[in-house]
Structure formats: C-alpha cells, structure tokens
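Below: one structure, written as structure tokens.
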There are 2 protein chains.
Amino acid sequence: MQCDTKIKLLDHAERLFAEKGIRATSIRDLASAAKVNVAAVNYHFGSKDGLMTQVIERRLVPLNQVREERLTLVLSIAESEGRQPKIEDLLRALIEPTFEFAARLPESQPFLELVGRAMSGTDAQFREIFHRQFEPLFQILDTATQSALPHIPPQELRCRLYFAMGSLHSAMRMVGRKDTVLFPTSETSNVPVVTEMVLNFIASGLRAPCTREGKA
Amino acid sequence: MQCDTKIKLLDHAERLFAEKGIRATSIRDLASAAKVNVAAVNYHFGSKDGLMTQVIERRLVPLNQVREERLTLVLSIAESEGRQPKIEDLLRALIEPTFEFAARLPESQPFLELVGRAMSGTDAQFREIFHRQFEPLFQILDTATQSALPHIPPQELRCRLYFAMGSLHSAMRMVGRKDTVLFPTSETSNVPVVTEMVLNFIASGLRAPCTREGKA
DNA sequence: GTCTATACGATGATAGAC
DNA sequence: GTCTATCATCGTATAGAC
C-alpha cells in the first residue's frame with residue numbers, strides 16, 4: 001500500500017502538532033515517531049508547510065462539507081414551509097458537526113484543539129486556509145442569518161459572525177481539556193455539554209439588540 | 001542611550017510578526033530591518049522565544065493592569081452602593097482598555113492583531129503567557145460575573161468567559177482590517193464601532209438562559 | 001555594558017542512487 | 001517509492017572590540 005507512509009505521517013503530525021505546537025515539532029522528530037525516512041515528508045507533501053496544510057484540510061474539508069449540507073437542508077426546509085430559517089437551526093448546522101465526530105472518537109479531540117488554534121494563530125498560511133475553506137460557507141451563513149434576523153444591520157451581523165467563530169474556536173480548544181478549572185467533577189466526556197453551551201452563547205449574542213452609536 | 005537597539009528590535013519584530021507571522025520572520029530578516037547585528041536578539045532577549053514573549057508582554061502587561069484597575073473600581077463602586085456589579089460595567093472594564101490605545105494610536109493596531117492571534121495560536125509558549133497574565137484577571141472576572149449573574153451555574157459561566165475571550169480576540173484581529181467585507185463604506189476608524197459591537201455581543205451571550213442538559 | 005564578527009549544530013529542503 | 005548524502009538557512013553561542 002503506497003499510502004501507508006502518507007497516512008502515518010498525517011496521523012503522527014496531527015498528534016505532535018497538537019501536543020507540542022507546530023513550530024516545536026521538527027521533521028526529524030516526526031520522521032522518528034512515524035518510523036519513516038526524513039525525506040518522506042518532502043516527497044509526499046512538498047514541504048513542512050504542505051504537510052501542515054494537509055493535516056488541517058484533511059479534517060476541515062469534510063467537516064465544512066457536512067456543515068454546508070446541513071445548512072442547505074435547514075434553508076430548504078424553511079423555504080418549503082414558507083417561513084424564515086430559525087437562527088438556532090442555522091447555528092446547529094454549523095456547530096454540531098464540529099463536535100460530533102469528536103464525541104464518537106475521543107482520540108480525535110486533539111485535532112479539534114489544533115484546528116481551533118491554527119485558524120486563529122499567527123501563521124499567515126493558516127489564515128489563507130481559513131479564508132479559502134470558509135468563504136462559501138460564510139456566504140451562505142451571512143445571507144441566512146440576515147433572513148433569520150432581519151432587524152440587525154447586515155454589517156453588524158457579519159461582525160457578529162466573526163465573533164461567533166472566535167467563540168466556536170475557543171470551544172474547540174476546550175473540549176480536550178480535563179482540567180479542574182472548567183469541569184471539576186465530570187468524568188464523562190464534556191463534548192455534548194460544550195456543544196450546547198457554545199450554541200447557546202452564540203445564539204444569544206447574535207440575537208442581541210442592535211448596537212447604538214452612542215454607548216448604552 | 002543603551003536601550004535604542006532593544007526598542008528598535010521590539011518595534012520591528014512587532015510589525016514583522018504581525019505582517020508575515022512569527023514563524024516566517026527570521027532573526028536575520030529582523031536584524032536587517034532594524035539595522036542591527038544578528039547577535040543583538042540573543043544578547044538582549046536570550047532567544048527568539050524570549051523576544052516573542054517580550055513583544056507580547058510589553059503591551060499585554062500594562063493592558064491587563066488597566067483592565068484590573070478598572071475592574072476593581074467597578075466592584076468597589078457597586079459595593080459602596082450596596083448592590084451587585086452590572087455585567088455591562090464589568091465587560092466594559094475588560095474590553096474598552098483593549099481598544100482605547102489602538103484608537104489613539106492607529107499605528108499600534110497591528111499589535112492588537114498580533115496579540116489576538118498569538119493568544120489563540122498553536123505555540124505552547126503563548127498559551128503559557130496567556131495563562132500567566134490572565135490568571136489574576138480571570139479570578140476577579142469569575143467571581144464578579146457570578147455576583148452579577150447569580151442564576152447561571154458557575155461552571156457554565158466560566159465556560160462562557162472563555163467563549164467571550166474568543167470573541168474578544170476575534171475583534172482584536174478585526175480592527176486593523178480595512179477590507180470591504182466588514183466595513184464597506186466607513187472611512188473613519190472602525191475601532192469605536194467594533195468595541196461597542198463586541199461588548200454588546202458578549203454581554204448578550206453571558207446573559208443567555210442556562211443551557212439545558214437535553215437539547216432545546 | 002553594549003555591540004560585532006564569526007563559528008557551531010540543527011533544521012527544512014533537494015538531488016540522485018537504488 | 002524509498003533511501004543517503006548534501007545544501008542553504010536557521011537559531012544560537014562565544015570571543016573580543018568598543
């Protein structure tokens with residue numbers, strides 16, 4: 001199987017990047033962990049940047065596909081019933097897929113943290129991935145939320161969507177944590193709890209009354 | 001003046017890190033831009049990590065001091081009037097200082113973007129800075145918001161504070177942008193507008209009804 | 001103390017044999 | 001596809017000039 005090395009590299013890179021950070025993980029460290037040759041990374045991915053991109057996109061592309069499908073479904077149902085979509089349904093289509101596979105596969109939770117960090121980090125390369133992967137999704141969300149909340153100026157609603165993405169990324173960074181600050185007593189997975197809490201938080205933020213020019 | 005080199009390095013590093021990302025900025029690039037020797041970074045900061053830390057903390061430490069002072073003031077006023085603090089006042093103490101100096105000094109806006117990114121990024125080192133610098137502030141906020149919103153379970157409120165920080169960091173990454181997506185017509189600074197909008201968003205999110213165990 | 005020139009080991013990347 | 005050898009560049013350390 002020719003893909004074995006490639007997949008091993010992606011798996012180990014995902015884990016090491018999430019644990020130690022991307023900058024602190026060298027290609028030689030990774031090659032040792034995956035038990036492959038040091039040149040394999042450059043052969044399969046062209047560069048370390050190429051590897052990082054594929055580590056992210058391997059998860060992010062199918063995730064955004066599911067998000068888009070569920071968004072489209074919510075919109076078509078609303079249209080067939082001759083009403084505007086509900087904001088909670090739109091947000092559920094965006095947020096639930098994020099955590100669903102993490103709930104099924106606890107070992108994939110480090111990836112959630114990695115994506116949540118990479119999408120907000122300093123590397124210009126990841127900003128590009130974020131914009132490329134989220135542009136179509138964002139267009140749909142932007143239009144849909146305007147329909148759901150017509151009393152909010154489109155410009156402010158668009159800003160709130162960015163705030164919401166910040167909250168969602170915070171939640172993604174949070175799910176792997178078992179520390180005592182956030183979940184002192186829980187022994188079960190906190191994924192379903194975090195999902196509902198962030199959904200609740202964002203929905204309330206998006207519904208807020210319009211911001212006045214002069215302060216409150 | 002013996003600090004000239006140090007300050008030049010901090011200034012240029014801040015700008016280059018915000019523009020190209022930290023990983024993509026080499027010490028030699030930085031030394032060329034600042035017109036100093038390559039060894040100057042290691043002499044003044046010990047390492048590139050040390051430089052990055054000081055670039056962030058140079059702004060973050062005084063910012064958090066102002067935040068803490070204003071938080072304490074809000075709490076003492078509320079206590080002297082024999083009432084609980086208002087959540088909007090608490091948030092204003094947290095958020096307004098973030099953008100105030102950016103509004104006065106437009107050239108410092110790239111720094112806001114840098115901090116907003118670094119605090120959420122993949123580098124484990126910055127996570128440490130974030131926790132070290134925010135721990136006392138977070139303790140105050142945690143207690144104060146519990147007083148302001150006693151009907152929300154402390155555990156959920158703590159999570160919401162993390163979501164709020166994600167939104168705030170999103171806003172910080174946003175203020176420097178002059179693109180057409182968010183601010184199509186504005187020619188003036190968008191800083192005051194963003195400040196009020198994110199405050200409004202977060203306040204509404206924190207006030208949300210408690211999340212049920214079973215979904216809505 | 002402050003700064004410079006220079007050298008060292010490790011890193012990401014590449015070329016060519018197998 | 002995989003490997004070894006090699007390269008330019010990176011972050012870092014040191015010795016010494018001012």
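Proteins get letters first, then strands, A, B, ... in listed order; numbering begins at 1 in each. The analysis underlying the following values was restricted to heavy atoms, covering all of them including side chains, and did not include hydrogens, waters or symmetry mates.
- Atom CD in B:E96 sits 10.5 Å away from atom CG in B:L91 (nearest 0.5 Å).
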## Note on the structure
Nucleotide by nucleotide, nucleotides 13-18 of chain D touches protein heavy atoms under 4.0 Å in the pattern (B base, S sugar-phosphate only, - none) B-----
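- Atom NZ in B:K8 sits roughly 15 Å away from atom P in C:dT2 (whole-Å rounding).
- Remark: the B:T98 side chain and the B:R67 side chain contain an N/O donor-acceptor pair separated by less than 3.5 Å.
- Here the P atom of nucleotide C:dT11 and the CG atom of A:L51 are 16 Å apart, to the nearest Å.
- Tested against A:D11 for a salt bridge (charged side-chain N to carboxylate O under 4.0 Å, His left out), the candidates A:R58, A:K35, A:K6 yield a single pass: A:R58.
- Side-chain proximity of B:T5 to C:dA13, D:dG1, C:dC3: nearest is C:dC3.
- For the pair B:L75/B:I140, a side-chain contact is recorded, criterion being any heavy-atom separation below 4.5 Å from C-beta on.
- Rounding to the nearest 0.5 angstrom, the gap separating the CD atom in A:Q125 from the CD1 atom in A:I129 is 5.0 Å.
- One can place CG of B:D49 at 12 Å from C1' of D:dT12, the figure rounded to the nearest angstrom.
- Within the structure, a side-chain polar atom (N or O) of B:Y43 is placed less than 4.0 Å from OP1 or OP2 of C:dT2.
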### Message
Please evaluate residues A:E14 and A:R59 with respect to the criterion side chain to side chain contact (heavy atoms under 4.5 Å, CB included), reporting the C-alpha separation (whole Å), side-chain torsions for both, the decisive distance (0.1 Å), and the verdict.
### Response
CA-CA 10 Å; A:E14 177 172 293; A:R59 309 286 192 189; 2.8 Å; yes
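- A donor-acceptor pair is defined here as one N or O able to donate and one able to accept, closer than 3.5 Å; such a pair exists between the side chain of A:R160 and the backbone of A:A208.
- Between A:E88 and A:R92 no salt bridge is recorded (no basic side-chain N to carboxylate O distance below 4.0 Å).
- With a 3.5 Å limit on both pairing distances and Watson-Crick or G-U wobble geometry required, the stems of 3 or more pairs in DNA chain C span C:1-18 with D:1-18.
- Atom-to-atom, NZ of A:K48 to P of D:dT9 comes out at 18 Å; the value is rounded to the nearest Å.
- The interatomic distance linking B:D4 (CG) with C:dT4 (P) rounds to 11 Å, in whole Å.
- With hydrogens and angles disregarded, a donor-acceptor distance shorter than 3.5 Å links the side chain of A:N64 to the backbone of A:Q133.
- In this structure, the ring of B:F138 has its center less than 6.0 angstrom from the ring center of B:Y162.
- Near-neighbour residues of DNA chain D inside residues 20-33 of chain B, defined by a heavy atom below 4.0 Å, number-ordered: B:T25, B:S26, B:I27, B:R28.
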### Message
Let's go through A:I56 and A:M119 carefully: what are the C-alpha distance in whole Å and the side-chain angles of both, what is the deciding distance for side chain to side chain contact (heavy atoms under 4.5 Å, CB included) to 0.1 Å, and is it a yes or a no?
### Response
CA-CA 9 Å; A:I56 301 294; A:M119 295 296 93; 3.8 Å; yes
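- The distance from atom CD of B:Q125 to atom P of D:dG11 is 13 Å, rounded to the nearest whole Å.
- Here the P atom of nucleotide C:dG12 and the NE2 atom of A:H44 are 17 Å apart, to the nearest Å.
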